[in-house]
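Numbering of ligands and ligand atoms starts at 1, following listing order.
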Amino acid sequence: MHLINADLHSHSNVSDGTLPPEALAERAASKGVELWALTDHDELRGQARAREAALDLGMSYLTGTEISVSFAGETVHIVGLGFDVTNAGIRAGLAATRSGRTQRAKDMAEGLAKAGIPAAYEGALRYVSNPDLISRTHFARFLVETGICTDTHSVFRKYLTDGKPGYVPHDWAKLGDAVRWITQAGGVAVIAHPGRYKFSPTAEYALFTEFIAHGGRGVEVMTGSHSAAEHIRYADTAVEFGLLASRGSDFHSPGESRTELGSLPDLPGRLSPVWQALAPRIHRAT
Ligand code: AMP
Ligand code: MN
Ligand code: MN
Ligand code: MN
């Protein structure tokens, strides 16, 4: 059976990627992606451009976003796919989720200044294309530029994660709200990269059961964030909870991302791909 090359998780410079939506679409097509979704953090501003570019290049397209959620003391990401981008509920919900980012960034810069790194807010802003969407990734790029760290991963480890000088706790959206914004706009909610969260087995079980109780239907099994063992583990989780399975590189930037667009292994045949359930929502090149 021919499995479609679907990549349903990626970022443009409308959030914390480095390529504009059109260039990202070109890269996806050149890497063999047949069905693509741009999933910028908490933001839909790139959707029309991504869809048009995808269709021009002969790819099919699903609308997407990745919503920042606070759950059990951790930040969890929920990917929304195939929803109506004009829906007022999801647009308002994402605007509210974005709204605290600028103050958080100023507070992060204050923490970094105390650790001897001045003017990080202004520095990070130079990497930002969408002023509503300043993220830790933009700080990481600035700190690499200053020579304090050699790569963005070590910046996160030393400066931008819980307990480190540039980390500021933040209240993101509630899990139930994020799932409802997506589903009420006609889309499917998907738990992004579950292997990344530092949950106890009990908290992870709570995440999956509450997500499903709110109407969530999918989980990312194949993601650039998972090891080979986690691919198997979360394939089992998808079966156990009866969830649709997704596949997405989480590509951000040619220089930074370890996983290329369209390059992950296929979903195991025993799983139900989320894009089959979303078939009526797919935009297709004519
Ligand atoms: P924010 O939404 O501002 O908290 O930024 C979160 C983003 O930071 C994620 O979407 C990733 O792109 C990036 N990120 C988080 N942890 C790491 C890490 N350890 N190494 C590199 N990038 C990371
Ligand atoms: Mn990101
Ligand atoms: Mn994420
Ligand atoms: Mn992502």
Side-chain angles (χ1 to χ4, degrees), residues 7-19 24 28 36-43 46 50 64-71 73-81 94 97-109 111-112 120-121 124-125 127-144 149-164 166-173 178 189-198 219-220 222-227 246-261 264:
D7 192 325
L8 304 182
H9 190 150
S10 56
H11 298 271
S12 76
N13 65 357
V14 168
S15 64
D16 61 347
T18 57
L19 300 178
L24 193 63
W36 179 49
L38 174 67
T39 54
D40 278 315
H41 297 284
D42 308 321
E43 180 59 279
T65 187
E66 181 176 20
I67 306 182
S68 312
V69 160
S70 295
F71 180 85
E74 275 269 339
T75 297
V76 165
H77 285 167
I78 301 297
V79 163
L81 296 171
L94 293 179
T97 307
R98 282 194 299 274
S99 67
R101 280 186 175 270
T102 297
Q103 187 57 49
R104 169 192 186 235
K106 290 177 181 166
D107 296 344
M108 286 172 61
L112 290 168
Y121 178 69
L125 265 189
Y127 290 87
V128 169
S129 304
N130 172 4
D132 290 347
L133 217 295
I134 182 163
S135 92
R136 285 186 292 162
T137 314
H138 302 110
F139 280 85
R141 291 186 184 129
F142 170 65
L143 265 64
V144 170
C149 292
T150 54
D151 62 277
T152 53
H153 294 288
S154 39
V155 180
F156 272 90
R157 205 168 52 244
K158 292 180 190 157
Y159 292 99
L160 300 180
T161 41
D162 200 355
K164 300 298 158 64
Y167 184 77
V168 174
H170 195 72
D171 264 339
W172 299 108
V190 174
I191 297 177
H193 43 62
R196 266 190 30 192
Y197 311 127
K198 291 176 183 58
V219 60
E220 279 183 354
M222 291 298 168
T223 142
S225 299
H226 283 175
S227 64
S246 193
R247 174 181 187 263
S249 59
D250 207 357
F251 184 86
H252 282 71
S253 173
E256 296 165 14
S257 295
R258 284 168 293 192
T259 305
E260 185 53 76
L261 287 152
L264 286 165

From His41 atom NE2 to Arg136 atom CZ, the distance as rounded to the nearest 0.5 Å =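 Here the interatomic distance stands at 9.5 Å.
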For [X] versus [Y], what's the shortest heavy-atom pair and its separation?
{"X": "Asp7", "Y": "Ser249", "result": "OD2-OG, 2.8 Å"}
{"X": "Ser129", "Y": "Asn13", "result": "CB-O, 3.2 Å"}
{"X": "Leu8", "Y": "Val79", "result": "O-CG1, 4.2 Å"}
{"X": "Arg157", "Y": "Lys164", "result": "O-NZ, 3.0 Å"}

Is the closest side-chain donor-acceptor distance between Asp250 and His11 under 3.5 Å?
->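 Judged by distance alone, the side chains do pair up.
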For ligand 1, what are the residues with a heavy-atom contact below 4.0 Å?
->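 These residues qualify: Asp16, His41, His77, Arg101, Arg104, Ser135, Arg136, Thr137, His153, Phe156, Arg196, His252.
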Neighbouring protein N, O or S atoms of the Mn ion (ligand 4) [cut-off: under 2.8 Å, no waters] =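 Atoms qualifying: His9 NE2, His11 NE2, Glu66 OE1, Asp250 OD1.
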Which atom, counting only N, O or S, brings Asp16 closest to the Mn ion (ligand 2)?
->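 Among the N, O or S atoms of Asp16, the one closest to the Mn ion (ligand 2) is OD2.
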Looking at side-chain heavy atoms only, is the closest gap between Ser246 and His9 below 4.5 Å?
->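 No - every pair of side-chain heavy atoms lies 4.5 Å or more apart.
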Going by heavy atoms in the side chains, are Arg104 and Ile134 under 4.5 Å from each other?
->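 Sidechains of Ile134 and Arg104: no contact.
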Looking at Asp16, Asp42, Asp132, which hits salt bridge (charged side-chain N to carboxylate O under 4.0 Å, His left out) with Arg101?
->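 Between Arg101 and the candidates, salt bridge (charged side-chain N to carboxylate O under 4.0 Å, His left out) is satisfied uniquely by Asp42.
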Neighbour count above 12 (heavy atom, 6.0 Å) for Asp171 CG |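 It does not: Asp171 CG has 12 such atoms or fewer within range.
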